[in-house]
Student: 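The structure's right below; bear with me while I get my questions together.
For the numbers below, each heavy atom of this structure counts, side chains included, while hydrogens, waters and symmetry mates do not. Just so it is clear: chains get the letters A, B, ... in the order the sequence lines come, proteins before strands, and each one is counted from 1.
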Amino acid sequence: MIQVALVLVILAALAAVQTRYLRHGVIYLGLFSLGIAFVYLLYNAPDVALAEAIIGSTLSTVLFIVALQKYKIFTIYYRVSGEDAGQDAASQSVIKSLEKFCTKQELEAQIIYTTEPIADIVENHQFSIIMNKQNMQYDVFIHENNYKIDALKTYLSQELPSINVKILED
Amino acid sequence: MTYYILGFGVLTLLSALRILMGPSIWDRLLSLNLVTTKLVILIILFASIKKLPYLLDIALVYVLLSFTGTLFISVYVQRKGRL
Amino acid sequence: MMAFTTLIGNCLILLGLFFATLGVLGIYRFDHFYSRALAASKVDTVGYITTLIGFCFKEGLSSFTFKVAAILIITLLINPLVTHSVVRSAYISGYKPRKEQP
């Protein structure tokens, strides 16, 4: 009995570590804490099981969800050059498409218009992606450590094939 | 009695497997609820076998508190990330 | 008399085990999310209630029975709440059956 419960706990922990979606990881952690409370019970430690049932399955789930809620802002720097203020129809449609991407990924888009050069933005600001418009050609710069990089590439290749994605390295 | 433990243990494992492979997040939440109820039944079985009524307090705490996490996650998903 | 209540308790627990098995089977057999929700809520709750009443019969009149009855009442209040919340979340989020979505 106890070996089966331990195997269940280990499976839940492995699934929580290597899942791609953070919300699924929270659910796996709930399963993990339920199972580990049962294992404590089988080891004749009811008080520890009580504490684990309270803390693990309620408090830590709520804390993880609140942390996930904070972790959702997707900052888009839109670099405009000189007289073009980024208000024409083509730029607006590109921005709207990027916002649709953010909604799909359950992120909140925060768009900042700027005129600084790209090197300054990379050096001085927190950014998720930088959009640059040059001669009617849009470029998207994304840092190589960004974890949305594959999703953004597949989305852009389906919706807006004219945009090419460039990867910034350290 | 051993057969009861065996039966409910197998059911718990099957429900947990549905959590690990369920296609959507709501399937996982439903199966988490199933696992909770099965574990409560298992704890009551152990308390009944070992004649230790204070183990029932743990089952009571399980029942009282386990729904909070499920409720939070479902509301979180329903409002698209705004809690 | 004592053996008779124990017999009734064992029968009820076996019935509960049967219903719980049907519920878990429904989780695997149905291919729409909403029918899976039906199997997970109603059928499984029937199994739960039957099993706990079986424990009450089996143990006789003691503090054990009162605690089990308290657990039963709390679960009867909470279980529909959880299922309603999950299914409402799925419906408002626009989850259509037959469409795989992470």
Side-chain angles (χ1 to χ4, degrees), chain A residues 1-2 4-5 7-9 11-12 14-16 19 21-35 37-38 40-42 44-73 102-108, chain B residues 2 5-6 8-10 12-22 24-40 42-43 45-47 50 52 54-77 79-83:
Chain A
M1 189 66 204
I2 197 162
V4 175
V7 166
L8 172 65
V9 164
L11 275 182
L14 280 180
T19 180
Y21 303 96
L22 292 174
R23 294 172 295 173
H24 295 181
V26 175
I27 296 178
Y28 296 149
L29 275 183
L31 175 63
F32 171 79
S33 70
L34 281 177
F38 189 63
Y40 288 149
L41 190 69
L42 293 183
N44 289 325
D47 40 357
V48 188
L50 204 62
E52 178 65 35
I54 294 173
I55 295 171
S57 80
T58 308
L59 200 58
S60 74
T61 307
V62 174
L63 280 180
F64 277 127
I65 287 295
V66 170
L68 273 189
Q69 181 209 0
K70 303 283 181 196
Y71 187 74
K72 68 179 186 185
I73 290 180
C102 294
T103 317
K104 221 173 184 177
Q105 301 278 333
E106 305 200 351
L107 298 161
E108 188 160 327
Chain B
T2 320
I5 292 182
L6 200 65
F8 282 111
V10 168
T12 313
L13 279 183
L14 285 176
S15 312
L17 194 64
R18 191 73 210 189
I19 293 186
L20 294 179
M21 64 178 245
S24 73
I25 189 170
W26 299 289
D27 279 310
R28 291 162 214 261
L29 287 174
L30 280 178
S31 316
L32 192 63
N33 198 17
L34 278 188
V35 170
T36 309
T37 54
K38 298 295 189 306
L39 274 181
V40 167
L42 273 178
I43 291 173
L45 256 173
F46 267 90
K50 295 187 175 181
L52 295 173
Y54 65 85
L55 290 186
L56 288 179
D57 296 342
I58 301 170
L60 207 59
V61 170
Y62 256 66
V63 170
L64 273 175
L65 288 184
S66 68
F67 82 106
T68 323
T70 315
L71 216 60
F72 256 87
I73 298 175
S74 67
V75 170
Y76 172 80
V77 175
R79 299 189 181 166
K80 299 267 189 298
R82 266 166 277 112
L83 210 58

Student: What pair of heavy atoms forms the shortest contact from B:Leu32 to A:Gly30, and how long is it?
Tutor: CD1-C, 4.4 Å
Student: Side chains of residues 60-70 of chain B: which donor-acceptor partners sit under 3.5 Å, not counting sequence neighbours?
Tutor:
unit_1, atom_1, unit_2, atom_2, d
B:Tyr62, OH, A:Leu34, O, 2.9
B:Ser66, OG, B:Tyr62, O, 3.0
B:Thr68, OG1, B:Leu65, O, 3.0

Student: Heavy-atom distance under 4.5 Å to chain B: side chain of A:Ala37, backbone, both or neither?
Tutor: both
Student: Report yes if the side chains of B:Phe46 and A:Phe38 come closer than 4.5 Å at any heavy-atom pair, otherwise no.
Tutor: yes
Student: Of all heavy-atom pairs between A:Ile27 and B:Ile19, which one has the smallest distance, and what is that distance?
Tutor: CG2-CG2, 4.3 Å
Student: Under a 4.5 Å heavy-atom cutoff, which of B:Leu20, B:Leu55, B:Leu17 has the most pairs with chain A?
Tutor: B:Leu20
Student: Under the rule for salt bridge (charged side-chain N to carboxylate O under 4.0 Å, His left out), what residues qualify as partners of A:Asp47, not counting sequence neighbours?
Tutor: none
Student: Nearest 0.5 Å, please: how far is OH in B:Tyr76 from CD1 in A:Ile65?
Tutor: 6.0 Å
